[in-house]
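Data first, discussion second: the structure below is written as structure tokens.
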Amino acid sequence: QVQLVESGGGLVQAGGSLRLSCAALGRTFTSHAMGWFRQTPGKERDFVAAINRSGTSTYYADSVKGRFTISRDNAKNTVDLQMNSLKPEDTAVYYCAAKQLRPWVNRTPKDPNDYDYWGQGTQVTVSS
């Protein structure tokens, strides 16, 4: 079992930066691929970025590629999302998610339905 706690959301002007952090409580952090997703009212939860268990492979939605960076620190059980050049359309509730994987499985899902654990979400608002 993994409990996820996000922090770092807030209000920022367009062009600005924010860094989201997700702390994972549990003993098996390195058994989990990690992802960030976002959701706006009335819409489905969308993939933003994901990172594999070792942190050596990262994946991004086209809409954030080149602006957002996902990283993880397996010693601290954290995964971060650095968001630069923010746009008003980035406004959403951002969620951290964890996908538990068997040791021999090398997969980093992008579908939110594949993830096992979710944080409570943190609001990011980008003003124009």
Distance-only, no hydrogens or angles: does the Gln3 side chain make a donor-acceptor pair with backbone N or O of Leu25 under 3.5 Å?
no
Atom CD of Gln123 with >12 non-hydrogen neighbours under 6.0 angstrom
yes
Would you name the heavy atoms of Leu101 and Ala33 that are closest together and state the gap between them?
CD1-CB, 3.9 Å
Where do Pro109 and Ala50 come nearest, in terms of heavy atoms and distance?
O-CB, 3.8 Å
If Ile, Leu, Val, Met, Phe, Trp and Tyr residues are connected whenever their side-chain heavy atoms lie under 4.5 Å apart, and connections chain through other members, are Val48 and Tyr60 in the same group?
yes
In terms of heavy-atom contacts, does NZ of Lys65 have more than 12 from other residues, nucleotides or ligands at under 6.0 Å?
yes
If you count heavy atoms of other groups shown closer than 6.0 angstrom to CG of Asp111, is the number above 12?
yes
Kindly determine whether Leu4 and Met34 satisfy side chain to side chain contact (heavy atoms under 4.5 Å, CB included), including the steps that lead there.
CA-CA 11 Å; Leu4 304 174; Met34 300 297 296; 4.0 Å; yes
Taking the side chain from Arg72 and the backbone from Gly55, do they hold a donor-acceptor pair closer than 3.5 Å?
no
Test of understanding: clusters of I, L, V, M, F, W, Y form through side-chain heavy atoms closer than 4.5 Å, transitively. Do Leu18 and Val79 belong to the same one?
yes
Nearest heavy-atom contact between Cys22 and Trp36 is CB-CZ2, 3.7 Å
What pair of heavy atoms forms the shortest contact from Gln1 to Tyr117, and how long is it?
CA-OH, 3.6 Å
I would like to know whether Tyr115 and Arg45 meet side chain to side chain contact (heavy atoms under 4.5 Å, CB included); could you show each step before the answer?
CA-CA 12 Å; Tyr115 281 78; Arg45 197 165 292 188; over 6 Å; no
Joint hydrophobic cluster, Leu81 plus Val12, side-chain heavy atoms closer than 4.5 Å
yes
Aromatic plane relationship, Tyr94 with Phe68 - under 30° parallel, 30 to 60° tilted, over 60° perpendicular
tilted
Atom CG in Asn52, atom OG1 in Thr58: separation rounded to 0.5 Å?
8.5 Å
Which heavy-atom pair separates Lys43 from Gln39 by the least distance, and what is that distance?
O-NE2, 3.0 Å
Closest heavy-atom pair and its distance - Arg38, Ala92:
CB-CB, 3.7 Å
Is the side chain of Asn74 donor-acceptor paired with the backbone N or O of Thr30 at a distance under 3.5 Å, no angle test?
no
Is the backbone of Val126 close enough, under 3.5 Å, to the side chain of Thr91 for a donor and an acceptor to pair up by distance?
yes
Can you tell me how far apart OG (Ser7) and CD (Gln120) are? Round to the nearest 0.5 Å.
8.5 Å
Measuring from atom NZ of Lys110 to atom CZ of Phe37, what distance do you get when rounded to the nearest 0.5 angstrom?
9.5 Å
Could you give me the CA-CA distance, side-chain angles and deciding distance for Phe29 and Val2, then say whether side chain to side chain contact (heavy atoms under 4.5 Å, CB included) is met?
CA-CA 8 Å; Phe29 184 65; Val2 174; 5.6 Å; no
Side chains of Asn84 and Gln82: any donor to acceptor distance under 3.5 Å?
yes
Please determine if Asp90 and Lys87 form a salt bridge, counting it only when a charged side-chain N lies under 4.0 Å from a carboxylate O.
no
Working for side chain to side chain contact (heavy atoms under 4.5 Å, CB included), residues Glu6 and Leu20:
CA-CA 7 Å; Glu6 300 110 333; Leu20 305 183; over 6 Å; no
Checking the side chain of Lys99 only, and the main-chain atoms of Asp114 only, is there a donor and an acceptor separated by less than 3.5 Å?
yes
Does the ring centre of Tyr59 sit less than 6.0 Å away from the ring centre of Phe47?
no
Is the shortest side-chain heavy-atom distance between Arg19 and Ser17 below 4.5 Å?
no
